[in-house]
Amino acid sequence: MTTPAALKRIADTIWELPMSYKEGMLVPARIFASEKLVKEMDAGVFEQVCNVATLPGIQRYAYCMPDGHWGYGFPIGGLAAMDPGSGVISPGGIGFDINCGMRLVLTNLSAEEVLPRLHHLVDRLFARIPTGVGCHGFVKLKQDEFRQVAEQGSRWCLKHAYATHEDLEMTEEGGCFSGADASDVSVKAVERGFNQLGTLGSGNHYCEIQVVQPHNIMDAERAEAFGLTMVPNQVVIMFHCGSRGFGHQVATDYLKLFLGVMERKYGIKIRDRELACAPFHSPEGQSYFSAMKCAVNMAFANRQVILHRIREVFSDVFHKSPEELAMRMVYDVAHNTAKLERHTVNGRVKELLVHRKGSTRAFGPGAQGIPKCYDKTGQPVIIGGSMETGSYLLAGMSSGADAFFTTAHGSGRTMSRHEAKKQFRGDKLQHDMEQRGIYVRTDSFGGLAEEAGAAYKDIDEVVLTTELAGLSKRVARLVPIGNIKG
DNA sequence: ATGTGC
């Protein structure tokens, strides 16, 4: 790959494209990457991050995280903060899978206790958690009940005995973005979504059994605060899923609406249709913001009911209650959202609309809006690698202020799904992984091939880069032993 | 990512 000649190295892990790079840029573009990662980035990333820099109201820089790759309009691994007064909201800056996110759950079991029952455990998870495209959820709802889920998120789960108070505390925003009004969501979106509560989905969505090996703990103090030091080789559960067809339909509906009004009604000219947007304070912008929150809340509720079922499965397999197994949440992080947050710009505290697309909020120690128990450590940041190579738990840092306290979200793809399918075979991959101690169940070998570790960047390099850039600090590396995926 | 594509 060739990087643009105008790309300047600002620091070891910070690269910049100046405003002169592309006509209409309102701010420079900044890319967090090591030299190796920046060279691996596709040319599309540099074009896209500079396109984002032309959007009205953008503050400081258009950003790309070390796991960044080409996406719809904005790069995946993108971050753009807008002035809500003069700026826009853009569905492409949030993504189709609204609030796709990661949840990490503890157990007090050791790998030695789990391994003899691993196959049974993974088979039971696979049997009890619906996976794959078009799967139906285990929570049966009428459409009006689903609208309540969309407005209430995890709070709905608490009322219906799928959650504990502590689960809500350990979820961003308590598992509910306020201001979600289901009347802003189309009938079609509800029709697609109402039978999807309690589904994992497909693509890179998975549920994984992982081990915290003592030699993989990088920050002992934070590891203890996050609950990872109960037993040596402690087993934890990490899972990744989002708002399914519901969020997809919300994004589709509003992209279409915005394309109709953006230029004709608001006079906004954009170089790429995929950057469709509307002024944040316009009726269309506010309506999308509300509908997006409905999808955010559906995704929080989806992860919450899945957690409920994971607890049931562990309870059945190990003949102990979830409390006896200490199945507490470490945290739940959202990847694809826009949020109003207060940040310091030019020495003044200002409210900004922060678009994160394939990037993670990473508030540091003492930040408002994170659980009290994490006040000294910073918020937990859960970064999933590929199913072959392992994942990380990190913590937000005060030094992340320049990037509006945001970090990476995963490994980032190095090849398209199509290319990965050509290069790898799912059945062979499953066999090879089992030889290496990772038991995988899937209902799509094609889908499995797309997720091969070799189709992703080096997760160790990505998280090290976030640490060197001051965005987040590594706490522990988590090694997979079992995985179910769609 | 997605009842996987105009």
Side-chain angles (χ1 to χ4, degrees), chain A residues 44 48 67-78 90-103 130-137 141 143 146 185-207 239-256 259 273-274 276 291-292 294-296 298-300 302-303 306 333-338 355-360 384 386-387 409-413 415-422 426 442-452 455-456 484-486:
Chain A
Q48 289 191 322
D67 53 339
H69 56 105
W70 181 89
Y72 183 92
F74 290 55
I76 296 163
S90 175
I94 293 155
F96 277 85
D97 188 6
I98 297 166
N99 189 12
C100 146
M102 246 348 152
R103 188 171 282 214
T131 60
V133 182
C135 57
H136 288 195
L141 298 172
Q143 295 196 9
F146 179 77
V185 168
S186 70
V187 170
K188 195 174 176 183
V190 173
E191 281 172 354
R192 280 183 73 174
F194 83 101
N195 60 12
Q196 294 184 319
L197 187 66
T199 60
L200 200 58
S202 65
N204 64 357
H205 289 166
Y206 62 84
C207 173
F239 63 102
H240 180 219
C241 62
S243 51
R244 308 285 288 103
F246 179 60
H248 192 277
Q249 191 61 45
V250 167
T252 304
D253 289 340
Y254 279 92
L255 279 165
K256 193 177 167 199
L259 280 170
R273 282 168 57 85
E274 295 184 358
M292 180 212 74
C294 288
V296 163
M298 186 274 185
F300 280 139
N302 193 26
R303 291 198 286 277
I306 288 172
V333 296
H335 290 159
N336 292 5
T337 65
H355 294 72
R356 293 191 181 92
K357 183 205 198 163
S359 54
T360 311
S386 78
M387 60 188 179
H409 84 305
S411 293
R413 298 196 75 88
M415 68 178 76
S416 67
R417 296 184 171 280
H418 184 72
E419 184 60 32
K421 247 182 186 158
K422 279 201 296 188
T442 178
D443 54 20
S444 163
F445 282 129
L448 192 69
E450 291 177 356
E451 297 303 312
Y456 281 91
I484 69 167
K485 72 166 297 317

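Here is the naming used below: chain letters follow the sequence lines, and residue numbers restart at 1 for every chain.
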Next on the checklist: Counting the atoms with a prime plus P, OP1 and OP2 as sugar-phosphate, which does A:Lys188 contact under 4.0 Å by heavy atoms, base, sugar-phosphate, or nothing?
Outcome noted: base

Item to check | Distance test, side-chain N/O of A:Ser202 to OP1/OP2 of B:dT2, below 4.0 Å | outcome: yes

Item to check | ring pair (Phe, Tyr, Trp, His ring centres under 6.0 Å) partners of A:Tyr254, counting only residues at least two apart | outcome: A:Tyr288

Next on the checklist: Nearest 0.5 Å, please: how far is CE in A:Met102 from OH in A:Tyr206?
Outcome noted: 3.5 Å

Checklist outcome for this item: note: A:Gln249, atom CD; B:dT2, atom C1'; distance rounded to Å ~ 10 Å

Item to check | Distance, rounded to the nearest Å, where A:Lys421 contributes NZ and B:dT4 contributes C1' | outcome: 9 Å

Item to check | Euclidean distance, atom CZ of residue A:Arg244 to atom P of B:dT2 [Å, nearest integer] | outcome: 5 Å

Checklist entry - When we call it a touch if two heavy atoms are under 4.0 Å apart, what does A:Glu191 touch: a base, just sugar-phosphate, or nothing? => result nothing

Next on the checklist: From OH of A:Tyr72 over to P of B:dG5, roughly how many Å is that when rounded to an integer?
Outcome noted: 13 Å

Next on the checklist: Expressed as a whole number of angstroms, how long is the span from A:Asn336:CG to B:dT2:P?
Outcome noted: 11 Å

Checklist entry - For A:His335, which residues count as a ring pair (Phe, Tyr, Trp, His ring centres under 6.0 Å) partner, sequence neighbours excluded? => result A:His240, A:His409

Next on the checklist: Tell me the interatomic distance from A:Ile94, atom CD1, to B:dT2, atom C1', rounded to whole angstroms.
Outcome noted: 17 Å

Item to check | Flag, side chain of A:Arg244 to backbone of A:Gly193, donor-acceptor distance under 3.5 Å | outcome: no

Checklist entry - Expressed in angstrom and rounded to an integer, what is the separation of A:Arg417 atom CZ from B:dT2 atom C1'? => result 11 Å

Checklist outcome for this item: Between A:Val133 and A:Glu451, the residue closer to the 5' end of DNA chain B by nearest nucleotide is A:Glu451

Item to check | Nearest-angstrom distance from the residue atom CD of A:Gln196 to P of B:dT4 | outcome: 12 Å

